[in-house]
Protein chains: 2
Amino acid sequence: MSPTDGQDLPGLPTQRPFVTVDVAIFGVLQDELQVLLVQRPSLATEPYPGLWALPGGFIDVSADDSLEACARRKLAVKTGAVAPYLEQVGSWGSKARDPRGWSTTHLYFALLPADSIQLVPGANAADVRWWPVAGAGVRGRLAFDHAKLLAAAVERLRAKVEYTSLPAFLLPREFTLPDLQRAYEIVLGRPVEKSAFRTRVLAAGVVEPIDRQRQTGKRPAQLYRLASRSEPIYFPRTFEPKRD
Amino acid sequence: MSPTDGQDLPGLPTQRPFVTVDVAIFGVLQDELQVLLVQRPSLATEPYPGLWALPGGFIDVSADDSLEACARRKLAVKTGAVAPYLEQVGSWGSKARDPRGWSTTHLYFALLPADSIQLVPGANAADVRWWPVAGAGVRGRLAFDHAKLLAAAVERLRAKVEYTSLPAFLLPREFTLPDLQRAYEIVLGRPVEKSAFRTRVLAAGVVEPIDRQRQTGKRPAQLYRLASRSEPIYFPRTFEPKRD
DNA sequence: TTCTTATAGTGGTACTGTGCAACTTAACAA
DNA sequence: TTGTTAAGTTGCACAGTACCACTATAAGAA
């Protein structure tokens, strides 16, 4: 048995992977699902200089109390906001994923109303930008294995949108049912049937009407807000579209 | 900005959490869902001496190529077998969860036919035993935050059993539909209706009949095996029991 | 004023997968 | 032959979704 193996050692292993947290931050801008990426600094001493990557970085063992706290901190640093929804996607770790050595990352994804935030390039990133999500990722090469991570986050998001109220967290506090329907369509990348959608959302108690409407030039639309602003609703069934 | 923060540092952080992988290994024994636990050595130098814990331990950066490979290795060491199903539950990390310092763990769960394996106490564990799963965990105190980890694994397992064929991985290669139904009932902790269950399983193409039956004294039962021995099937809907 | 247009919202029927209860079938044993 | 028991089937009810057609409400044009 290898000397670094196991909880039974009197001491801790001296060779440890380094540990990072990455966050895929999603928003809806210009009627598209977009993800926030940061450009890595163009220093030859850095891996993947100048390439775009998911926001994230090393755990700070003196500043962060937990993984999730670390994710929330990184999110706040980039957006200046507290995201209404944050979920862990999973973790990845291997000898090969970072040229600097054995590394692990803990991946989270966040949803937020894109109009509510300010982008903050910050000290450790050359630039910050929203990128449209096309298919399972974005156009262009990403640093490290971030294309794979992003694909996993997008897949998780789309899967859960089939049976939860997650897209509501992409909207501002007050919204109409057509707004919400559109958010579903943008994330899923396919049309959603109006009548069934409304029945589903109202029957599940996702939203409650406020006593105001939105005037748009045509028939005004009832405004709603979330019944529960922190927890998503789970619908009894997924969508079941006939034609694909 | 803290000196250990960020990918932008020329160097890597010197203070790193230590990294472990834990595996919740589930099986069905004596008509009960059980989980494999190891007893920690009774050395005063070890945290939680003598307590039971999920099998797992430190990543071995020289032996393990990836997190999942590490999980498979730990699984093989304890059971001497390759589990037909392994899935990551998630990761946890904090300053407080291990008295030795900031630590992270990557939690997996595995399903296997309990009769197919040999328990291997091994060098780094005083004992290995199956423990019945009662509610969200096991009777008795576990080391570290393993009660929370086990609860998360059990919750994930039960949730997926509602809409997948996962319990099939708890059975031997050949089984009858009543066997499979019983596995669902054991994991879910509630009865499952025979007729709807059979329709569901057969319509989804989970199994294929072999041309043999099992004689039990009463009417013989058709034997089946999995159509796909590696991937679970996702049913179009969850169970929808009327009375709870 | 009326007509047109566009979006919001409703109603009605079909369909699918599940729940449930009653039934039939196959083997064994008394 | 009959009774027992577990395996397997049949038929109907039900809930939630899909789809299509319809009505409602505002603004602006005619």
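Throughout, a chain's letter reflects where its sequence line sits, starting with A, and its residues are numbered from 1. Small disclaimer: the values here were computed from a predicted structure and weren't measured.
Ranking D:dT4, C:dG19, D:dT17 by closeness to the A:Pro236 side chain, first place goes to D:dT17. Of the candidate nucleotides C:dG17, C:dG9, D:dG8, D:dG8 has the atom nearest to the side chain of B:Arg198. Of the listed nucleotides (D:dT9, C:dC15, C:dT10), C:dC15 has the atom at the smallest distance from the side chain of A:Lys242.
Among the heavy atoms of the strands lying under 4.0 Å from B:Ala196 is at least one base atom, whether or not backbone atoms are also near. In this structure, A:Ser195 reaches the bases: a heavy-atom distance under 4.0 Å links it to at least one base atom across the strands shown. Nucleic acid contact class of A:Glu240 (heavy atoms, under 4.0 Å, all strands): sugar-phosphate only.
For A:Arg200 and A:Phe239, the positive end sits near the middle of the six-membered ring, less than 6.0 Å away and at most 45° from its axis. Under a cutoff of 6.0 Å and an axis angle of 45°, A:Arg129 and A:Trp52 form a cation-pi pair.
Between the C1' atom of C:dT18 and the OH atom of B:Tyr234 lies a distance of 20 Å, rounded to the nearest Å. One interatomic measurement links the two molecules: CZ of A:Phe239 to C1' of D:dG16, which rounds to 12 Å at whole-angstrom precision. Across the protein-nucleic acid pair, A:Glu193 atom CD and C:dC15 atom C1' stand 14 Å apart, rounded to whole Å.
Between the side chain of B:Arg200 and the base of C:dG17, no donor-acceptor pair under 3.5 Å is found. Judged by atom type and distance alone, B:Arg219 does not reach the base of C:dA27 through any side-chain donor-acceptor pair under 3.5 Å.
Between B:Ala221 and A:Thr216, the one whose closest nucleotide on DNA chain D sits nearer the 5' end is B:Ala221. Comparing B:Asp179 and A:Lys194 by the nucleotide of DNA chain D whose heavy atom lies nearest to each, the residue mapping closer to the 5' end is B:Asp179.
A side-chain contact (heavy atoms from CB on, under 4.5 Å) with A:Tyr85 holds for exactly one of A:Leu170, A:Leu112, A:Leu111; it is A:Leu111.
When only modelled atom types and interatomic distance are considered, A:Ser91 and B:His106 share a side-chain donor-acceptor pair under 3.5 Å.
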